[in-house]
2 protein chains.
Amino acid sequence: MTITQLRYVLAVAEHKNFTKAAEKTFVTQPTLSMQIQKLEEELDILIFDRSKKPIELTEVGNKLVQQAKNIVNESERIQDIVDQQKGFIGGEFKLGVIPTIMPTLLPMFLNNFIKKYPKVKLKIEELNTEAIIERLLDGHLDAAIAATPLENENIKERVLYYEPFVGYIPSTHRLNQKKKIDITDLDIDDMLLLEDGHCFRDGIINLCKTKKSYEEDHFQLESGSFETLVKLANEGLGMTLLPYLHTLDIKNDEKSNLHYFNEPSPAREVSLIFNKSELKMQIIDALHSTIAGVVKGAITFQNVKIISPMAKVKSD
Amino acid sequence: MTITQLRYVLAVAEHKNFTKAAEKTFVTQPTLSMQIQKLEEELDILIFDRSKKPIELTEVGNKLVQQAKNIVNESERIQDIVDQQKGFIGGEFKLGVIPTIMPTLLPMFLNNFIKKYPKVKLKIEELNTEAIIERLLDGHLDAAIAATPLENENIKERVLYYEPFVGYIPSTHRLNQKKKIDITDLDIDDMLLLEDGHCFRDGIINLCKTKKSYEEDHFQLESGSFETLVKLANEGLGMTLLPYLHTLDIKNDEKSNLHYFNEPSPAREVSLIFNKSELKMQIIDALHSTIAGVVKGAITFQNVKIISPMAKVKSD
DNA sequence: TTATTTAATAAATAATATCAATAGCTTTTA
DNA sequence: TAAAAGCTATTGATATTATTTATTAAATAA
């Protein structure tokens with residue numbers, strides 16, 4: 001049994017196809033076939049049920065794959081140890097970012113980071129929270145930036161910053177007269193919100209993953225940008241909420257429409273998250289310190305109230 | 001990097017000597033040298049400091065060895081998974097047993113066990129508790145039988161039975177008249193005890209690892225058998241305590257010297273212990289059920305008071 | 001039926017793990 | 001201080017093994 005064989009098994013288990021797995025592992029298909037056969041022979045079991053299309057794992061195969069993931073993961077950590085010793089921070093690093101953070105945060109730290117750590121090949125992908133969690137767990141992402149807390153025991157979180165929400169209230173809106181607004185002022189029915197990361201609860205409002213409003217609303221925005229929301233609001237379709245960093249991009253003549261919340265302002269917690277196995281921890285640390293350093297100057301709110309992205313409607 | 005290379009590194013790290021490590025891994029010394037060199041080259045670090053005699057691990061080498069142990073351990077678990085699937089219970093299994101349990105327990109279950117699981121090659125070694133713990137941690141033993149609780153977080157325990165202590169009091173002894181004795185009757189000064197597993201505490205007596213008495217006593221028994229103790233007691237040198245199973249071997253004419261304790265009788269807890277990594281769990285389960293089954297009939301005491309083998313003299 | 005997809009097999013080749021023999025170095029012994 | 005012993009590295013030969021290209025076999029889809 002070799003680590004290479006285990007890698008091949010994992011590739012086939014993932015792609016359910018020897019040919020594709022061969023591509024992904026940069027060898028030819030017969031190599032994969034033979035090595036996996038050899039392993040099956042050595043252990044005297046069948047890992048894959050080749051009679052099924054697409055190919056399936058056998059019962060033992062399934063257990064073996066779980067353990068193989070462990071082993072391969074742990075073996076990759078050897079390189080980590082060496083890198084740490086050398087003070088080397090580099091290599092490929094896959095970072096996921098949720099859509100509502102991507103456009104504002106990325107420009108703030110990316111230049112900084114690649115200048116400071118030129119040997120890290122950052123691959124950034126925009127993904128929603130659900131996809132991020134999935135990919136952190138299966139190892140396709142090394143880390144991600146998302147709204148937290150997620151309360152997933154296999155994912156660790158390092159808080160980057162707390163970002164308050166700011167009301168964008170066009171002059172036609174009933175609340176426009178108020179200088180500062182309050183959570184209790186909000187009314188679901190005239191709020192334009194993006195799906196992601198907007199969970200107001202505390203018995204007052206809770207929009208988190210409640211599909212309820214979909215039926216009642218005249219329209220829905222599955223995804224999209226805050227820019228769109230602002231335009232819709234300007235058209236008199238209601239008010240909206242913007243994460244603080246997004247308000248920095250608002251046109252001057254629209255700035256008067258921004259209304260801060262009375263403290264404690266509702267805010268989202270934004271964290272760097274990663275698999276509990278803590279692979280590539282040096283790079284994660286580097287990212288964390290870079291981002292935290294850059295953001296520190298940009299957000300100076302004191303008193304905020306975290307809105308959990310995972311909060312569910314209370315049943316009682 | 002291969003699992004084989006990691007095994008070689010572990011062997012050298014353990015024996016601090018390439019030649020010896022080569023023997024233990026059943027390859028020649030050049031094979032070891034080259035493979036380790038190759039790994040060092042691949043990672044571009046030095047694992048061993050060859051200038052020191054005997055050879056030493058470098059700083060990275062040390063960290064690498066820790067991780068290598070993980071990987072090798074986890075890789076061995078693949079075979080476990082396969083064995084479990086097949087319902088196969090076999091292979092080499094190294095069991096440690098403390099001296100005071102060895103002669104009484106082993107004959108009770110060994111025959112039974114090897115008949116039931118003929119494919120398991122049991123290698124049994126008599127070792128004291130300290131050596132057992134060490135070897136369970138470094139993987140030289142698969143499991144052991146010892147007095148518990150050990151309170152070691154890296155070692156798991158499965159209780160096999162509770163074995164009461166019985167007083168052996170020769171006719172010349174002051175306590176010989178009492179039918180049943182009490183812990184409070186005991187006096188350290190006229191007690192003959194083996195080092196292992198005799199920890200009476202609770203504010204009354206505590207002999208556990210206290211070397212105090214060594215200086216005061218006229219003689220000491222570092223190890224030895226209970227048979228010897230009984231003879232010494234017969235010579236009028238004092239009384240002794242025997243674990244219940246040992247009393248079954250006492251000669252008929254000496255049986256009258258056995259005095260049970262008032263309930264709750266002091267007793268030792270005897271457990272099957274193993275590394276928390278839980279390798280070869282099928283065999284451990286098999287051992288546990290076999291021994292527990294055999295002992296169930298032999299010990300029928302109800303009300304016992306466990307004497308911890310790790311208990312220290314209370315300082316207050 | 002004929003393409004098409006996909007995994008297994010065969011034969012050749014490249015890579016590599018291992019070994020026996022020995023060299024080179026250091027430490028120990030006489 | 002020279003000789004012996006103990007250790008690891010090196011060398012060159014050999015056996016093993018991983019990988020590749022080309023092809024076959026089997027199952028699916030058109």
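Naming convention: chains lettered A, B, ... in sequence-line order (proteins, then strands); numbering from 1 in each chain. The structure displayed is predicted, hence computed values, not measured ones.
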Query - Under 3.5 Å on both distances, the Watson-Crick or G-U partner of D/dT1 - result: C/dA30
Report summary line: Out of C/dC19, D/dT20, D/dA9, minimum distance to the side chain of A/Pro30 belongs to D/dT20
Report task. Would you please confirm or rule out a distance under 4.0 Å between OP1 or OP2 of D/dC7 and any side-chain N or O of B/Arg50? Result -> no
**Report entry** Lys/Arg-Asp/Glu bridge criterion (N-O < 4.0 Å) met for B/Asp142, B/Lys94
**Finding:** no
Requested in this report: For the pair B/Lys69 and B/Asp138, find out whether any cationic side-chain nitrogen is under 4.0 Å from an anionic carboxylate oxygen.
Outcome: no
Query raised in the report: Looking at D/dA18, C/dA17, D/dT10, which one has an atom nearest to any side-chain atom of B/Gln5?
Result: C/dA17
**Report entry** Integer-rounded Å distance: D/dA9 P and B/Leu39 CG
**Finding:** 14 Å
Query raised in the report: What integer distance in Å separates A/Asp49:CG from C/dA8:P?
Result: 11 Å
Report task. Assign the ring pair B/Phe113 / B/Phe109 to parallel, tilted or perpendicular, where the plane angle (0 to 90°) is split at 30° and 60°. Result -> perpendicular
Query raised in the report: Going by modelled atom types, is there a donor-acceptor pair between the base of D/dA9 and the side chain of B/Gln37 at under 3.5 Å?
Result: no
Report task. Please check if atom NZ in B/Lys86 has more than 12 non-hydrogen atoms from other residues, nucleotides or ligands closer than 6.0 Å. Result -> yes
Query - A/Thr31 side chain near D/dT19 phosphate (N/O to OP1/OP2, under 4.0 Å) - result: no
**Report entry** Separation of atom NZ in B/Lys52 from atom P in D/dT8, rounded to whole Å
**Finding:** 15 Å
Query raised in the report: Starting at CE of B/Met1 and ending at C1' of C/dA17, how long is that distance when rounded to a whole Å?
Result: 17 Å
Query raised in the report: Could you state the CG-C1' distance from A/Leu32 to D/dA18, rounded to the nearest angstrom?
Result: 12 Å
Query raised in the report: OP1 or OP2 of D/dT8 less than 4.0 angstrom from a side-chain nitrogen or oxygen of B/Asn17, does that happen here?
Result: yes
Report task. Taking only the side-chain heavy atoms of A/Thr19 (C-beta and beyond), determine which of D/dA9, D/dT19, C/dT6 contains the nearest atom. Result -> C/dT6
Query raised in the report: What is the distance from CD1 of B/Ile55 to C1' of D/dG6, rounded to the nearest Å?
Result: 13 Å
Query - Short N-O contact, B/Glu278 and B/Lys156, less than 4.0 angstrom - result: yes
Requested in this report: Using only side-chain N and O atoms of A/Gln29, determine if any of them is under 4.0 Å from OP1 or OP2 of C/dA7.
Outcome: no
Query raised in the report: Charged N to carboxylate O below 4.0 Å: is that the case for B/Arg77 and A/Glu74?
Result: no
Query raised in the report: Once you round it to whole Å, what is the distance between P of D/dG6 and NZ of B/Lys20?
Result: 11 Å
Query raised in the report: Counting side-chain heavy atoms from C-beta on, which of D/dT19, D/dA9, C/dA17 comes nearest to B/Gln35?
Result: C/dA17
**Report entry** Closest-nucleotide ordering on DNA chain D, the 5'-leading residue of B/Phe18 and B/Met34
**Finding:** B/Phe18
Report summary line: Rounded to whole Å, CZ of B/Phe48 lies from P of D/dA9 at a distance of 10 Å
**Report entry** Phosphate OP1/OP2 of D/dT20 contacted by A/Thr28 side-chain N/O (<4.0 Å)
**Finding:** yes
Report summary line: Considering only heavy side-chain atoms of A/Lys53, the closest of C/dA21, D/dT28, C/dA8 is D/dT28
